[in-house]
Amino acid sequence: MNAYTLRPPRRGARTPLKLVTRQRRGLSLFGILMGLGIAAAATVGVVTLYNTTTEVQARNDTQALITSLVVAVQRIHQGASTYGGSSGTPAALETVLNVRGAIPASAKTGSGNNVRIRHAFGGRLRVQGVGDRFRITLNNLQQENCTQVLDPYVGQARSAGGLWSVSTASDSDDLPLTVAEVAAICADADDNDLVLEFE
């Protein structure tokens, strides 16, 4: 047959094998892997965003709790010469704060004389009078949480009625704090008991 006389096959005629094409159905392996990769990347992004948001919220909640407790203790002891106790035998102030309704419900566990305060990072928070000052101790802070709590105090000078000193088992410093001092104070990676001493 001459090449110039080719014409389309007749209806019902058999087509040569090389012209038969398979119709593909479903996804290819590449398509499946691509979809899984995109889903994994989206999941990682969502989890990272959630963790960051949770940490920021915990830091903000802890700062708000510290601020409200400082204001409450100073208001309660406004006319008193001391906050009770001494550096050797501090006076627990949680019950005093509880009786006056100064502990937020979200941070309070227990009741009456057995009231406990928990900070937003999950550890216990203690409020103690030590003579003419009082301490707020945040127990069981991880290193990054410890630094997050102290970051707002970097560069601040002492002021009447304000934060006077900061300490952990690793280090102790008076205000004003530097970034390097915050790192030294929060040196323990897993278990910092941060003590904030107020006037």
Side-chain angles (χ1 to χ4, degrees), residues 58-188 191-199:
R59 183 194 65 212
N60 291 344
D61 289 348
T62 300
Q63 286 293 342
L65 177 62
I66 291 169
T67 302
S68 70
L69 292 174
V70 167
V71 168
V73 169
Q74 290 172 340
R75 188 186 71 231
I76 291 167
H77 293 87
Q78 194 169 16
S81 60
T82 71
Y83 293 102
S86 65
S87 60
T89 55
L93 299 178
E94 286 96 343
T95 304
V96 173
L97 292 166
N98 186 42
V99 168
R100 288 173 174 77
I103 303 172
S106 61
K108 184 169 50 170
T109 61
S111 61
N113 291 334
N114 296 321
V115 71
R116 300 277 185 264
I117 304 172
R118 298 198 79 68
H119 56 77
F121 295 110
R124 185 172 178 193
L125 185 145
R126 297 171 192 251
V127 184
Q128 299 169 313
V130 286
D132 61 346
R133 297 189 185 146
F134 66 96
R135 292 180 189 151
I136 294 181
T137 305
L138 291 91
N139 297 116
N140 306 323
L141 284 176
Q142 292 181 349
Q143 187 174 28
E144 64 270 10
N145 300 336
C146 179
T147 58
Q148 289 174 355
V149 170
L150 290 181
D151 282 345
Y153 300 109
V154 170
Q156 285 189 4
R158 288 181 179 168
S159 62
L163 184 62
W164 193 256
S165 67
V166 178
S167 64
T168 61
S170 303
D171 195 16
S172 174
D173 283 300
D174 294 335
L175 264 62
L177 294 174
T178 65
V179 173
E181 288 171 336
V182 168
I185 290 169
C186 300
D188 191 350
D191 189 18
N192 291 286
D193 291 338
L194 179 62
V195 180
L196 306 171
E197 192 165 304
F198 293 88
E199 190 177 44

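Computed from a predicted structure; not experimentally measured.
Under the side-chain contact (heavy atoms from CB on, under 4.5 Å) criterion, Thr109 pairs with Arg116, Arg118, not counting sequence neighbours. Considering only residues two or more places apart in sequence or on other chains, Asp151 meets the side chain to side chain donor-acceptor pair (under 3.5 Å) condition with none of them. Thr89 meets the side chain to side chain donor-acceptor pair (under 3.5 Å) test with Ser86; sequence neighbours excluded. Partners of Asn98 according to the side-chain contact (heavy atoms from CB on, under 4.5 Å) rule, which considers only residues two or more places apart in sequence or in another chain, are Ile103, Lys108, Val115. The side-chain contact (heavy atoms from CB on, under 4.5 Å) check on Glu197 picks up Arg133, Arg135, Ser165, with sequence neighbours excluded.
Side-chain atoms of Gln156 come within 3.5 Å of backbone atoms of Pro152 as a donor-acceptor pair (strictly under, hydrogens ignored). When atom types are taken as modelled, the side chain of Gln63 and the backbone of Val149 share a donor-acceptor pair closer than 3.5 angstrom. When atom types are taken as modelled, the side chain of Asp132 and the backbone of Ser81 share no donor-acceptor pair closer than 3.5 angstrom. Glu94 contributes no side-chain N or O that, together with a main-chain N or O of Ile117, makes up a donor-acceptor pair within less than 3.5 Å. Looking only at distances, a side-chain donor or acceptor of His119 sits under 3.5 Å from a matching main-chain atom of Asn139.
For the pair Asn192 and Ala187, the tightest heavy-atom approach, listed with the atom from each and the gap, is OD1-N, 4.1 Å. Summarising the geometry of Ala72 relative to Leu97, their closest heavy-atom pair is CB-CD2, 3.8 Å, with the distance given to 0.1 Å. In plain terms, the two heavy atoms of Glu199 and Phe134 that are nearest each other are O-CE2, 4.1 Å. Of all heavy-atom pairs between Ala91 and Gly85, the closest is CB-N, 3.6 Å. Here the shortest heavy-atom pairing between Pro90 and Val130 reads CB-CG1, 3.7 Å.
Inter-residue side-chain proximity for Thr137 and Leu194 is flagged as unmet; no heavy-atom pair is nearer than 4.5 Å. Contact annotation: the side chain of Phe121 approaches that of Arg59 to within less than 4.5 Å [non-hydrogen atoms, C-beta and beyond]. Two residues are said to be in side-chain contact when any heavy atoms from C-beta on lie closer than 4.5 Å; Ile136 and Gln128 fail this criterion. Here the side chains of Val166 and Val182 are not in contact, with every heavy-atom distance at 4.5 Å or above. Within the 4.5 Å cutoff, the side chain of Trp164 has no heavy atoms near those of the Leu175 side chain.
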| said: I'd like to know whether Val154 forms a side-chain contact (heavy atoms from CB on, under 4.5 Å) with Thr178, so could you lay out the CA-CA distance, the side-chain angles of the two residues, the decisive distance to 0.1 Å, and finally the verdict. | reply: CA-CA 5 Å; Val154 170; Thr178 65; 5.6 Å; no

| task | Could you walk me through whether Leu138 and Ile66 pass side-chain contact (heavy atoms from CB on, under 4.5 Å), step by step? | result | CA-CA 10 Å; Leu138 291 91; Ile66 291 169; 4.1 Å; yes

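Interatomic distance, Glu144 CD to Gln142 CD, rounded to the nearest 0.5 Å: 5.0 Å. Note that the CG atom of Leu65 and the CG atom of Asn60 stand 12.5 Å from one another [nearest 0.5 Å].
Exactly one of Leu141, Ile185, Leu163, Val179 qualifies for a side chain to side chain contact (heavy atoms under 4.5 Å, CB included) with Leu150. That residue is Ile185.
Screening residues 172-186 for salt bridge (charged side-chain N to carboxylate O under 4.0 Å, His left out) gives Arg158-Asp174 as the qualifying pairs, with residues at least two apart or on separate chains.
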